[in-house]
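By convention here, the first residue in the shown sequence is residue 1. One-based numbering, in listed order, for ligands and for the atoms of each.
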Amino acid sequence: MTHNGQCLLFLTLAILTCNVLRCHCKSLDYRDKPSGKISQEISKYTDIAQKIIQLAVYGNAQNRSYEKLAAFTDTVGHRVTGSRNLDLAIKYMYNAMRLDGLENVHLEPVKIPRWIRGEESAVMVLPRNHSMSILGLGSSVGTPKEGIEAEVLVVESFEELKRRANEAKGKIVVFNQPFVSYAETVVYRTAGASEAAKVGAVASLIRSVTPFSINSPHTGWQWYQPGVPQIPTASITVEDAQMMARMARRCTRIVVRLTMGAENLADVDSFNTVAEITGTEHPEQVVLLSGHLDSWDVGQGAMDDGGGVAISWEALSLIKDLGLRPRRTLRTVLWSAEEAGGLGAAQYYQQHKANISNFDLVMESDLGTFAPVGLQFTGSDKARAVMWEVVKLLTPINVTSLEEHGEGTDINMWMEAGVPGASLHTADSRYFWFHHSQGDTMTVQDPTEMNLCSAVWAVVAYVVADLDEMLPR
Ligand SMILES: *[C@@H]1O[C@H](CO)[C@@H](O)[C@H](O)[C@H]1NC(C)=O
Ligand SMILES: *[C@@H]1O[C@H](CO)[C@@H](O)[C@H](O)[C@H]1NC(C)=O
Ligand SMILES: *[C@@H]1O[C@H](CO)[C@@H](O)[C@H](O)[C@H]1NC(C)=O
Ligand SMILES: *[C@@H]1O[C@H](CO)[C@@H](O)[C@H](O)[C@H]1NC(C)=O
Ligand SMILES: [Zn+2]
């Protein structure tokens with residue numbers, strides 16, 4: 001499939017990139033009596049769960065997921081889709097998981113897009129000279145070398161843009177949309193350029209999709225709609241967007257010169273990175289744990305999604321170190337090209353869906369590895385009843401809720417096809433402060449919180465993989 005084809009296909013997914021519907025999430029009271037049998041079977045895992053927790057939180061593995069992540073992100077840095085750094089990251093993880101003694105460590109080929117940011121700048125030339133911090137949006141085209149200098153039209157919404165369509169021709173549209181929630185507001189990032197182009201704009205700038213700002217832009221992928229002219233587009237800071245909105249309200253004429261060296265190049269080869277602990281009784285049946293290895297090309301990608309990667313690796317290390325081996329296979333997958341629309345995971349799904357009946361549970365952590373508060377879960381009522389019992393094993397670390405809706409761009413396809421899916425819900429109120437910005441560094445991460453996340457991930461994966469039966473669909 002061509003890159004453009006994939007883009008269309010994943011337009012909906014795109015909106016979910018990394019973060020997804022943040023409909024948090026009353027715990028359902030589905031606790032309607034899982035048969036005493038399930039409860040009994042799972043309570044037998046209390047000791048094993050305690051051992052895992054002990055090792056991860058208090059024992060020899062204390063802070064290990066943090067240290068793994070720090071060594072990785074301090075060495076490799078950020079690793080945007082299609083970059084040499086992403087190749088280095090894949091090699092790094094492949095070697096590290098082999099050295100760690102995990103089984104069946106291997107790479108599975110995928111094709112991913114390659115977008116280059118290039119040099120970029122935005123300078124306000126009227127009413128005063130002011131250099132703005134910007135980040136071009138992924139897949140944006142560049143400007144001519146000399147840039148695009150044009151008057152600015154500030155709008156707060158697509159609705160206002162439509163109303164003022166006759167003012168937009170030849171202008172740079174600035175979207176100053178308020179932050180409502182990531183899921184609602186991100187559409188200005190994903191679709192703003194095409195909406196602006198439809199009414200004749202020559203470029204668009206969007207206010208960064210974040211509830212909090214210290215003048216840093218937040219990037220992200222965007223999608224051009226077919227048949228609409230492709231205009232350059234970048235994120236600006238909340239501060240600059242609000243300032244231009246104030247100027248516009250005072251009827252001040254604003255002129256900006258935008259220069260972007262961005263380019264879309266041919267697709268390149270990449271890999272999903274896989275490691276396992278092979279199951280004893282049903283090696284072909286799989287509990288999959290995952291995070292995405294690519295990041296944005298700013299900061300260190302330590303939070304998005306270094307944290308998910310680190311705990312998905314660490315969970316297997318913990319189980320191995322305890323000499324445990326479940327009946328089914330535990331498979332860690334570090335996805336490629338999530339930020340470009342979940343492309344590594346989409347190809348993995350195509351490559352493996354023939355065996356869908358062997359996928360027991362798919363898990364992803366891509367919403368931060370802060371202090372864990374619960375598990376988000378998609379599955380039948382019967383599966384939910386089992387998962388309630390599993391979550392009870394986490395009471396010693398205060399993880400007690402099983403919420404609706406497993407989340408994760410990379411596991412969505414499986415869940416939509418009926419495979420139970422789980423994601424990690426952490427105390428993530430600060431997630432979007434750092435998301436897709438220079439602020440996404442190791443400094444966001446806390447070793448103590450990551451210990452708890454690793455324990456949750458390991459307990460859930462191990463116990464589900466070792467039960468008598470696969471989770472009911
Ligand atoms: C783990 O990190 C915490 C918090 O930084 C620190 O207090 C503790 O000493 C660390 N433990 C180890 C074994 O390094
Ligand atoms: C802005 O800077 C340019 C070049 O540095 C200069 O020519 C121009 O006069 C300045 N404009 C204002 C409004 O200060
Ligand atoms: C499906 O599972 C079988 C049995 O484990 C395995 O041999 C085969 O390689 C798998 N196919 C795919 C596409 O993963
Ligand atoms: C769980 O909560 C209790 C009560 O607030 C607290 O004392 C304990 O430290 C918490 N345990 C962990 C692992 O956070
Ligand atoms: Zn992410």
Show the numbers, then the answer: is there a side chain to side chain donor-acceptor pair (under 3.5 Å) between Ser216 and Ser437? CA-CA 7 Å; Ser216 61; Ser437 80; 4.5 Å; no
In sequence, state the C-alpha distance, the side-chain angles, and the governing distance for Glu389 and Lys392, and then conclude on salt bridge (charged side-chain N to carboxylate O under 4.0 Å, His left out). CA-CA 5 Å; Glu389 298 300 323; Lys392 281 185 194 161; 3.1 Å; yes
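Near Gln351, the atoms of ligand 3 lying under 4.0 angstrom from a non-hydrogen atom of the residue are 13 (C). Close approach to Glu284 involves these atoms of ligand 3, each under 4.0 Å from a residue heavy atom: 5 (O).
The N/O atoms of His352, backbone and side chain alike, include one that comes under 3.5 Å of an N/O atom in ligand 3.
For the residue pair Ser454 and Ile311, the shortest heavy atom distance occurs at OG-CG2, 3.5 Å.
Screening Phe432, Tyr188, Trp433 for a ring pair (Phe, Tyr, Trp, His ring centres under 6.0 Å) with Tyr182, the sole residue that qualifies is Phe432.
Without hydrogens or angle criteria, Gln285 side chain to Arg328 main chain gives no donor-acceptor distance under 3.5 Å. Within the 3.5 Å criterion, the main-chain N or O of Thr332 finds no donor-acceptor partner in the side chain of Ser312. Between the side chain of Asn451 and the main chain of Asn63, a donor-acceptor pair closer than 3.5 Å is present.
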Hey, what polar pairs (N/O, under 3.5 Å) does ligand 1 make with protein?
from: ligand 1; atom 1: 2 (O); to: Asn63; atom 2: OD1; distance (Å): 3.4
from: ligand 1; atom 1: 2 (O); to: Asn63; atom 2: ND2; distance (Å): 2.3
from: ligand 1; atom 1: 11 (N); to: Gln62; atom 2: OE1; distance (Å): 2.8
from: ligand 1; atom 1: 11 (N); to: Asn63; atom 2: ND2; distance (Å): 2.8
from: ligand 1; atom 1: 14 (O); to: Asn63; atom 2: ND2; distance (Å): 3.4

